[in-house]
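Reading through the structure tokens given below for one structure.
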Amino acid sequence: MSANLARKLIESHLVSGELTTGSPIAIRIDQTLTQDATGTMADLQFEALGIDRVRTELSVSYVDHNMLQAGFENADDHRYLQSIAARYGMYFSKPGNGICHQVHLERFGVPGKTLLGSDSHTPTCGGLGMIAMGAGGLDIAIAMAGQPFHLTMPTIMGIELVGSLAPWVTAKDIILEVLRRLTVKGGVGKILEYHGAGVETLSVPERATITNMGAELGATTSLFPSDERTLQYLKLQKREEEWRPLSADASATYDEHLVIDLTSLEPLIAKPHSPDHVVRVREVAGLKLDQVCVGSCTNSSLHDLWVTAAILKGHHIHSSLSMTISPGSRQVFVATAEHGALADMISAGARVLESACGPCIGMGQAPPSGGISLRSFNRNFKGRSGTQDAGVYLASPEVCTVSALTGEITDPRDWGSPPVINIPVELTIDDELIEKPSIDAGAVEIVRGPNIKPLPRQQPLKNALSGSVLLKVEDNITTDQIMPAGTQVLPLRSNIPAISEYVFYHVDREFASRARELGGGVIVAGTNYGQGSSREHAALAPAYLGIKAVVAKSFARIHRANLINFGILPLVFSDPADYDQLELDDMLEFPEVSKHITEGVNLVAHVPSKDLTIKLRHDFDPFQRSVLLAGGLLNYTRLSAEMAKH
Ligand code: MIC
Ligand code: SF4
């Protein structure tokens with residue numbers, strides 16, 4: 001049978017299950033990545049597993065999120081991560097080396113391999129022909145222990161690219177077009193495989209922009225073939241020996257199909273507060289800007305930075321705004337400096353930041369009150385920038401930079417001809433900031449600061465659960481709303497008791513205290529609950545506050561998995577209309593929960609005060625059932641290891 005590429009790569013890594021859409025499968029993970037904001041927890045969990053050394057082909061621990069070091073917390077985390085990496089056999093990419101996804105693409109990604117990362121934008125490496133997926137930190141810890149990754153066999157959607165992009169139209173516009181068509185829920189349960197004649201017109205960094213932002217569709221991952229352009233990129237990285245050609249069979253079929261004519265695309269922009277609020281730049285042109293930011297793991301490649309500099313060269317950014325530029329990696333930063341592009345940026349008045357996530361995760365550069373910020377990033381959720389009432393727009397670096405010069409959103413086609421950027425064939429490759437794992441692991445001392453608190457323990461699932469509705473929220477609630485990031489909260493990622501005070505902080509200030517007072521409860525939600533990041537703190541901290549179940553119309557993939565990992569039941573209304581029947585403070589009773597889950601039977605919730613019974617679906621596969629019954633994945637893994645010993 002002729003197969004698409006996603007299927008081939010999953011098949012070559014299959015440990016258990018059948019490749020039938022919707023059925024549970026487990027696959028071997030070749031590489032893992034963690035970043036500091038999720039990595040401390042992942043490493044604490046890895047330590048708790050009691051394994052002596054990572055059992056993957058390659059595991060890399062990056063520091064790129066928590067970089068402000070306003071207090072000792074972040075620096076302590078970095079030291080802890082560094083010592084864990086040395087001790088357990090991971091590579092350690094030091095602060096300053098760049099954003100995990102950009103660096104992994106440059107230095108470690110290998111076509112045909114699988115990569116699991118504790119960050120939702122891990123699919124960036126799909127641009128190199130990898131099956132690269134985001135997951136919670138605990139899933140990464142388990143993968144580092146050599147265990148397979150469990151998922152549901154996704155639907156494979158083929159996205160055929162035809163034609164080529166017009167001047168000023170970029171890879172960002174391709175993915176914004178996909179978001180416009182499919183919405184932020186459109187990728188849930190799917191792998192998006194790009195194919196067709198248009199693919200070869202795109203470089204690896206352009207492909208990576210597209211696969212990166214596939215996360216905003218909720219997709220399991222996105223994937224490009226590995227071809228001559230891939231070889232060209234790996235040659236630039238002096239890693240051509242890692243190349244192998246990979247593509248779908250000529251007559252491959254897909255479960256679903258979409259065609260995008262690149263020739264007909266024009267510059268696009270996502271309006272606040274969702275990456276799928278996509279319109280043509282022309283439709284919002286003229287809107288005055290307070291801030292422009294270029295960077296993030298979506299658009300901070302060498303080409304992105306050089307095109308930004310080339311547009312800025314000889315001009316000054318508009319007096320009404322502030323512009324920041326963050327290079328994706330130290331490699332990009334050095335090449336930008338050596339090339340002279342850095343001087344062009346600084347002369348134009350831009351504020352050049354270090355190679356890190358920075359403003360993308362609200363670590364500095366919050367816009368002014370009610371401000372309008374235009375960013376080359378991937379997420380514009382409300383409040384994520386650090387300013388609750390700011391409006392963030394998302395577009396290509398080209399649209400951002402031209403608009404930074406005019407002071408208002410501008411279609412670059414009205415500006416003139418696009419600059420011609422010639423990427424060199426030779427680059428300075430310097431991995432000095434990547435520490436190799438220590439060979440003498442026994443001699444490594446693990447360094448823990450006072451902000452690194454032990455992992456909370458979970459209890460096995462009870463047979464009778466009850467709790468009152470602590471919060472009722474609408475559709476598309478993001479993990480940024482459940483567990484905010486930013487300067488105040490991000491330093492608390494390794495301290496669950498402290499961070500749990502911020503659960504739903506900007507949605508309902510009283511949430512944490514109410515949960516504590518009532519000893520926990522239940523959350524009621526609409527569709528696509530938990531979209532966005534992979535942060536398991538959005539499940540772990542609610543679990544710490546005693547949340548027992550989330551009853552929703554539907555869930556985002558990674559967050560649903562995180563809830564299961566931490567023993568919170570993600571339950572789905574059999575009839576979505578029942579959502580309207582539930583109100584704040586309603587007491588819900590779930591009888592015979594563990595019995596029904598063991599038997600794989602659906603659950604009900606009684607609401608005694610309303611004499612109401614609500615039917616709930618859960619679709620837990622046998623593995624997920626065992627995990628929930630054990631009180632979470634860590635308990636389950638420990639139990640399985642003990643049973644294997646006897
Ligand atoms: C994000 O872009 O939201 C983050 C910050 O990178 C998260 C990870 C985290 O919260 O640490 C993600 O995308 O998974
Ligand atoms: Fe960092 Fe932003 Fe990318 Fe998340 S989306 S990894 S915060 S740059």
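The structure presented is a predicted model; accordingly, all values stated were derived computationally and were not measured. Here, residue 1 is the first one in the sequence, and each next residue gets the next number. As the structure lists them, so they are numbered: ligands from 1, and atoms in each ligand from 1.
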| request: Indicate whether any N or O donor in one side chain lies under 3.5 Å from an N or O acceptor in the other, for H13 and D30. | output: yes
| task | Classify the side-chain pair S376/N299 by whether it contains a donor and acceptor separated by less than 3.5 Å. | result | no
| query | Between Y505 and R509, is there a cation-pi geometry (under 6.0 Å to ring centre, at most 45° from the normal)? | reply | yes
| message | Assess, by modelled atom type and distance only, whether the side chains of T637 and Q147 contain a donor and an acceptor separated by less than 3.5 Å. | response | no
| request: Can you list, by chain and residue number, the protein N, O or S atoms under 2.8 Å from atom 2 (Fe) of ligand 2? | output: C360 SG
| query | Would you say the side-chain atoms of Q102 and Q331 include a donor-acceptor pair closer than 3.5 Å? | reply | no
| said: Out of all atoms in ligand 2, which are within 4.0 Å of some heavy atom of D119? Include the element for each. | reply: 6 (S)
| query | Do side-chain atoms of D64 reach the backbone of C100 as a donor and acceptor pair under 3.5 angstrom? | reply | yes
| request: Check if R384 has a non-hydrogen atom at a distance under 4.0 Å from any atom of ligand 2. | output: yes
| said: Distance alone, cut at 3.5 Å: any donor-acceptor contact between the side chains of T170 and D173? | reply: yes
| field | D304-S301 side chain donor-acceptor pair, cut-off 3.5 Å | value | yes
| Close approach, H101 and ligand 2, non-hydrogen under 4.0 angstrom | yes
| Do R379 and S120 meet the criterion of a side-chain donor-acceptor pair at a distance under 3.5 Å? | yes
| request: Check the side chains of N451 and D77 for a donor-acceptor pair under 3.5 angstrom, ignoring hydrogens and angles. | output: no
| field | Pocket residues of ligand 1, ordered first by chain and then by residue number (heavy-atom cut-off under 4.0 Å) | value | Q35, A37, T38, H65, D119, S120, H121, I361, R379, R384, R493, S533, S534, R535
| message | Can you classify the ring geometry of Y62 versus F108 as parallel (below 30°), tilted (30 to 60°) or perpendicular (above 60°)? | response | perpendicular
